[in-house]
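First comes the structure, then the notes that go with it.
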Amino acid sequence: MITRIVNAEEGLDEAVSLIKSGELVVFPTETVYGLGANAYDAAAVKKIFEAKGRPQDNPLIVHISRVEEVRDIARDIPDVFFTLAAHFMPGALTVVLPRSERIPDIVTAGGDTVAVRMPKSPVARELIARSFPLAAPSANRSKHVSPTSARHVFDDLDGRVPLILDGGECEVGIESTVLDLTSGEPVILRPGAVTAQMLAPFLGVAPGSGKVIGTAKSPGMKYEHYAPTADAYAASSPAVAALFYDKCVKEGRRPVLLFGEGKAAELGDRERISLGESVDDFMHSVYSALRTAEKEHDVIIVEMLEGEGRAASVMNRVMKAVGGKVL
Ligand code: AMP
Ligand code: MG
């Protein structure tokens, strides 16, 4: 199969036809690129698992273009869903709800719940509005780092998908927050750019009350996701990063540091890929930096951020990428 990268607006008509004929399309979103198929068509959705090499017990997110479409995807939808939708949709929030009968087993990995999100990208929403809700995971080969550009997708899925809609770099840069509304009290299954602190006021949790929204493991989180092909570590300080870097050089290895500008001065002239100035810059660029780094280096040393909220969300992904290895 020939894989083409086409400007998102220009490729939209073709993408609509492909989805309607049961094929896959890669589409841009603000979080990471998605690999989509008609969510109502089990045979089409099966192709996603084949293209990615994804285990079938890892469920997909159903992407919608209007809040009201949720009624086709889910049932017994609590009022709080619509409150959250008013504030965070479109956006980087995925909500888990009881599943409607229209959604085939393969989308939910056979479970009774379904994950729903409305992406910010107008092209993604137009594609959905003109075809079907799209079941989609991230558009990477299973277990690799999620893609934040069309080029990243091509590197992983060349020959496995017909069309990649190129919408430029993803603004957010890590996967959506997954919030489960099906298990009594709201639970964050996967942290992301929409944080517990941002959600709390809409979930009846008083700010500063000390009460936190629960966290638990999302089905997909048990896999060693997001890993680069090079040996990767998280560094608890610039000093330990520099020491380890120098040791690697002595051993004839080719290390690189992934650090923000704030700590850059402490790293001297060691080779570094910048993760920008702010936590949001770090979030935006960390996957791209991991993909760049693995091409030319065999050791990747990533800065550890302290703090809650988005910093903790990015660190959740960094810890996955380094397989829990901390210097
Ligand atoms: P990806 O966007 O590639 O990370 O894949 C979608 C992820 O969404 C899965 O790995 C799960 O973490 C999450 N997800 C999808 N459906 C459900 C569900 N029904 N319940 C809980 N989490 C889900
Ligand atoms: Mg993924």
Side-chain angles (χ1 to χ4, degrees), residues 1-41 44-52 54 59-67 69-70 73 89-94 103 107 114-142 144-176 178 192-193 284 287-288 291:
M1 183 188 294
I2 305 284
T3 300
R4 286 179 310 119
I5 302 182
V6 179
N7 169 278
E9 280 86 17
E10 288 165 16
L12 188 57
D13 288 347
E14 190 187 346
V16 171
S17 312
L18 282 166
I19 293 296
K20 284 185 173 170
S21 56
E23 297 301 327
L24 305 180
V25 170
V26 174
F27 61 98
T29 86
E30 78 276 36
T31 58
V32 301
Y33 274 73
L35 173 56
N38 174 0
Y40 300 135
D41 180 347
V45 174
K46 189 156 183 276
K47 294 179 184 172
I48 295 175
F49 289 86
E50 288 161 1
K52 285 190 58 125
R54 182 178 176 102
L60 309 180
I61 294 169
V62 178
H63 295 73
I64 57 176
S65 64
R66 294 173 299 110
V67 173
E69 268 176 318
V70 72
I73 314 296
M89 294 189 188
L93 177 67
T94 295
I103 297 295
V107 172
V114 63
V116 183
R117 178 166 104 84
M118 193 199 299
K120 218 175 183 181
S121 155
V123 173
R125 278 185 284 138
E126 204 175 326
L127 171 58
I128 295 161
R130 287 175 54 190
S131 60
F132 297 100
L134 295 179
S138 52
N140 50 283
R141 287 301 294 273
S142 187
H144 198 205
V145 179
S146 292
T148 58
S149 74
R151 182 72 221 182
H152 296 161
V153 178
F154 189 83
D155 287 346
D156 277 21
L157 298 180
D158 181 22
R160 294 172 167 267
V161 295
L163 182 66
I164 300 170
L165 294 179
D166 186 351
E169 275 181 28
C170 301
E171 182 191 326
V172 173
I174 67 168
E175 303 83 350
S176 58
V178 177
H284 168 79
Y287 281 167
S288 181
R291 280 177 174 265

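H144 contributes no side-chain N or O that, together with a main-chain N or O of N140, makes up a donor-acceptor pair within less than 3.5 Å. The closest donor-acceptor contact from the side chain of T148 to the backbone of G173 lies at 3.5 Å or more, if one exists at all. Remark: the backbone N or O of G22 is paired with a side-chain donor or acceptor of K47 at under 3.5 angstrom. Side chain of E69 to main chain of R66: a donor-acceptor pair is present (N/O by atom type, distance under 3.5 Å, no hydrogens or angles).
Scored by the side chain to side chain donor-acceptor pair (under 3.5 Å) test, S176 finds T94, R190 as partners (sequence neighbours excluded). Evaluation of the side chain to side chain contact (heavy atoms under 4.5 Å, CB included) rule for A37 yields L24, A44, V45, I48 as partners, not counting sequence neighbours. With sequence neighbours excluded, the residues that form a side chain to side chain contact (heavy atoms under 4.5 Å, CB included) with A150 are I5, Y33, I164, D166. R141 is linked by a side chain to side chain contact (heavy atoms under 4.5 Å, CB included) to D156, L157, R160, counting only residues two or more places apart in sequence or in another chain. A search for side chain to side chain contact (heavy atoms under 4.5 Å, CB included) contacts involving R151 returns S149, F154, D155, not counting sequence neighbours.
T31 is listed as a side-chain neighbour of R117, based on a closest heavy-atom distance under 4.5 Å. Proximity of R4 to P162: side-chain heavy atoms (C-beta onward) are nowhere separated by under 4.5 Å. No side-chain heavy atom of V62 sits under 4.5 Å from any side-chain heavy atom of L134. Side-chain contact between V107 and P59 is absent, with no heavy atoms from C-beta onward closer than 4.5 Å. Taking the side chain as every heavy atom from C-beta outward, K52 and P137 approach each other to under 4.5 Å. L163 has its side chain out of reach of V26: every pair of non-hydrogen atoms, C-beta onward, lies at least 4.5 Å apart. Put simply, the side chain of E30 does not reach to within 4.5 Å of the side chain of C170, judged on heavy atoms. In this structure, I64 and M118 have side chains that are in contact, with non-hydrogen atoms separated by less than 4.5 Å.
Residues F27 and H63 bring their aromatic ring centres within 6.0 Å.
Taking both residues in full, the closest heavy atoms of A135 and L60 are given as CB-CD1, 4.0 Å, listed atom of the first, atom of the second, then distance. Of all heavy-atom pairs between G36 and I19, the closest is O-CD1, 3.7 Å. The minimum heavy-atom distance linking N38 with Y40 is given by the pair OD1-N, 2.9 Å. Of all the heavy atoms in H152 and P147, the pair that sits closest is CB-CB, 3.6 Å. Contact detail for A124 and P119: the closest heavy-atom pair is CB-CG, 4.0 Å.
Note that the OH atom of Y287 and the CD1 atom of I174 stand 6.0 Å from one another [nearest 0.5 Å]. With rounding to the nearest 0.5 Å, the separation of NZ in K20 from CG in D41 is 14.0 Å.
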Take L127 and L12 through the test side chain to side chain contact (heavy atoms under 4.5 Å, CB included) and record every step on the way to the result. CA-CA 7 Å; L127 171 58; L12 188 57; 3.8 Å; yes

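For the side chain to side chain donor-acceptor pair (under 3.5 Å) condition, the pairs that include at least one residue of residues 120-134, sequence neighbours left out, are D13-R130.
If you check the side chains of E175 and S138, you find no donor sitting under 3.5 Å from an acceptor.
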